[in-house]
Amino acid sequence: MSTVAEKILARVSGNKKVMPNEIVMARVDVAMSHENADVVLRSFREIGVKQVWDKDRIVILFDHRIPAESEKSAITHKRLREFVKEQGIKHFYDLREGICHQILPEFGHCRPGELLVGTDSHTTTHGAFGTFATGIGATEMSGVWATGELWLKIPETIEVTLCGTLKQYVSAKDVILHIVGTLGADGANYKAVEFTGETIGRMSIASRMVLSNLSMEMGAKVAFVVPDDETVSYVKARTSKEFKVIGPDPDAHYCKEISIDVTDLGSQVACPHSVDNVKLVREVAGTRIHQALIGSCTNGRLEDLSTAAAILQGKTIHPDVRLLIIPASRKIYLEAIKHGFIETFINAGALILNPGCGPCLGAHQGLLAPGEVCIATTNRNFKGRMGSAESFVYLASPATVAFSALTGAITEPG
Amino acid sequence: MTKNTRFSRSVTRDRIVGKVYKFGNNINTDVIYPGKYLSITTDNQEMARHCFETVYPDFLTTAQPGDIIVAGKNFGCGSSREQAAACLKYFGISLILAESFARIFFRNAINLGLPVLIVPNITQHVVHNDTLEINFKSGIIKNMKNGEELQAVKLPPFILGIISAGGLIPYLKNRCAGHE
């Protein structure tokens, strides 16, 4: 009678069964950090342990500020490269690969039934593989590097069942924006989410990752899609490690059960300045935009670029719009070149940036001036996040962003 | 063993007194600590100079070390950036009282030894610039202006253990030293 969260945390804490609100010490299977590994490192040195607990279970990569946008970041990168060598960290992806939440699955680090922690809030993305994946802070990670363990409170679980078939141009992004808008920015705070239902079964792995990724924006600790055959074959193709799929018991207890028929769902947009400020695209259609952005750990995958390329094929974007395209990884970038998407984007007037987080978190590469409006496929639209505190960010699907780039105003796809 | 410079001060003083700096609901970590400063990873004082800088620039000129932040629901939502808790700690914020915290911020604060307590409905009972006296262990909060008392949610003993060690690093230093 346990949920996925309860069953995995029982496994990694050496218990037969655990109950919500219990606190357990859990053994970590995979520990991921990007540039903020520099903050982890500082705390790790303070603990005074000489060697990390397991050099094969730590993943370090660079994605937030690549190539280095400042001398400070260059120093961070250099210090971490040296640390990786010093410790013999096996899984290190320098700035050439892309965004952590794409690189981990691509290189086989996301496996069903395991505990994965990352010093990034969108680590929930990996719940799409049936992994208990959650974000932690840097000091906490230094403890994991030293001991391989951390304390976790067993979360209650919300079950979200999706049925029906999505309309053309309506995607997983619209579904999850609708859910975040309904439950609110703290609607799943401290809780696990389990996505299930026939609609999920028909969704690609990339689309499932969108659901798990954006569940963070309602506070979720972890957001599972229970693995099916497609998940298992995706994971098996990328790892030689054994894993065991863990699904919920048929009589698992949920603190909340939500059922959504997506058949009539329209395109959604999160309006400034919060992710739960969700409206139908048609309610804000006509709002002038200055920048459009397709990319990020939420929507920078091949199917997203494919959708955008089909819309932009043979067309030119509005002269007052800057369209930024950021493939989520090197592999996706290469695939997009092979499919001709990149050529389509360049011909349409887009600027292609290197795989990475880009301007999503406001560090570099396309920040906004006061009064400017951006429509983006990213995951946060907080005041000032992408540049000026007087700018405005709308979050939407790749289709909505592509159509809006063509017209120069927020536009309902179709 | 290296000298512990960041966590040498015990943060679990039983009694904390301070002036209230009040915020609303859903104060996110981009607002607390802008992403453009994430490349600052080691300079505590520089982190402290950017608290709330972009959206609430008045904070830096009107808040004082020792102040208590009082906030509504979901304080610290958004990114896992530890600088959001660290900048407030190094600014000198003595305690954060909120109706609820986003989970990663809550853990970061505990791990850094920045005291945090959950206090239901506190924003209805406390206004900006009130002075509060808090018994951290009992969770009793007294408003010095009108004598009103509020009760914070009690922290689990396990978490109190980490806080009373001064944060996760001193806690682990003790533990790892014990194994040597």
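This one's a predicted model, so the numbers in the text were calculated from it and none came from an experiment.
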Heavy-atom check, side chain of A/Asn36 versus side chain of B/Gln83, under 4.5 Å: no
Looking at chain B, which one of A/Ser388, A/Ala138, A/Gly184, A/Ser142 has the largest number of heavy-atom pairs inside 4.5 Å, strictly under? A/Ala138
Top residue by heavy-atom pair count (under 4.5 Å) with chain B, among A/Gly143, A/Ser274, A/Ala185? A/Ala185
Which region of [X], side chain (C-beta onward) or backbone (N, CA, C, O), has a non-hydrogen atom less than 4.5 Å from a non-hydrogen atom of chain B, or is it both or neither?
X	result
A/Glu140	both
A/Met25	side chain
A/Arg380	side chain
A/Glu71	neither
A/Ile23	side chain
A/Glu390	neither

Please look at B/Leu38 and chain A and tell me whether the side chain, the backbone, both or neither of the residue comes under 4.5 angstrom of a heavy atom of that chain. both
With a 4.5 angstrom heavy-atom cut-off, is it the side chain or the backbone of B/Phe101 that approaches chain A, or both, or neither? both
Is the shortest side-chain N to carboxylate O distance from B/Glu46 to A/Lys72 below 4.0 Å? yes
Mind ranking B/Asn28, B/Asn25, B/Val55 by heavy-atom pairs under 4.5 Å with chain A and telling me who comes out on top? B/Asn28
Which one wins on heavy-atom pair count under 4.5 Å against chain A: B/Pro156, B/Gly78, B/Ala85, B/Ala102? B/Gly78
In residues 61-76 of chain B, which residues are in contact with chain A at a heavy-atom separation under 4.5 Å? B/Lys73, B/Asn74
According to ring-ring contact (aromatic ring centres under 6.0 Å, His included), who are the partners of A/Phe392, at least two apart in sequence or on a separate chain? A/His273
Tell me which one of B/Val31, B/Asp30, B/Thr54 satisfies side-chain contact (heavy atoms from CB on, under 4.5 Å) with A/Arg385. B/Asp30
Quick check for you: to the nearest 0.5 Å, what is the distance between [X] atom [atom1] and [Y] atom [atom2]?
X	Y	atom1	atom2	answer
B/Cys77	A/Asn189	SG	CG	8.5 Å
B/Asn26	A/Asn277	CG	CG	11.0 Å
B/Ile40	A/Asp38	CD1	CG	12.5 Å
B/Arg103	A/Ser121	CZ	OG	10.0 Å
A/Ile136	B/Ser80	CD1	OG	8.5 Å

Given A/Thr139 and B/Asn108, is the side chain to side chain contact (heavy atoms under 4.5 Å, CB included) satisfied, shown in steps? CA-CA 7 Å; A/Thr139 296; B/Asn108 284 343; over 6 Å; no
List the atom of A/Asp186, the atom of B/Ser100, and the distance in Å for their closest heavy-atom pair. OD2-OG, 4.5 Å
Of all the heavy-atom pairs spanning B/Glu82 and A/Gly137, show the shortest one and how long it is. OE1-C, 3.5 Å
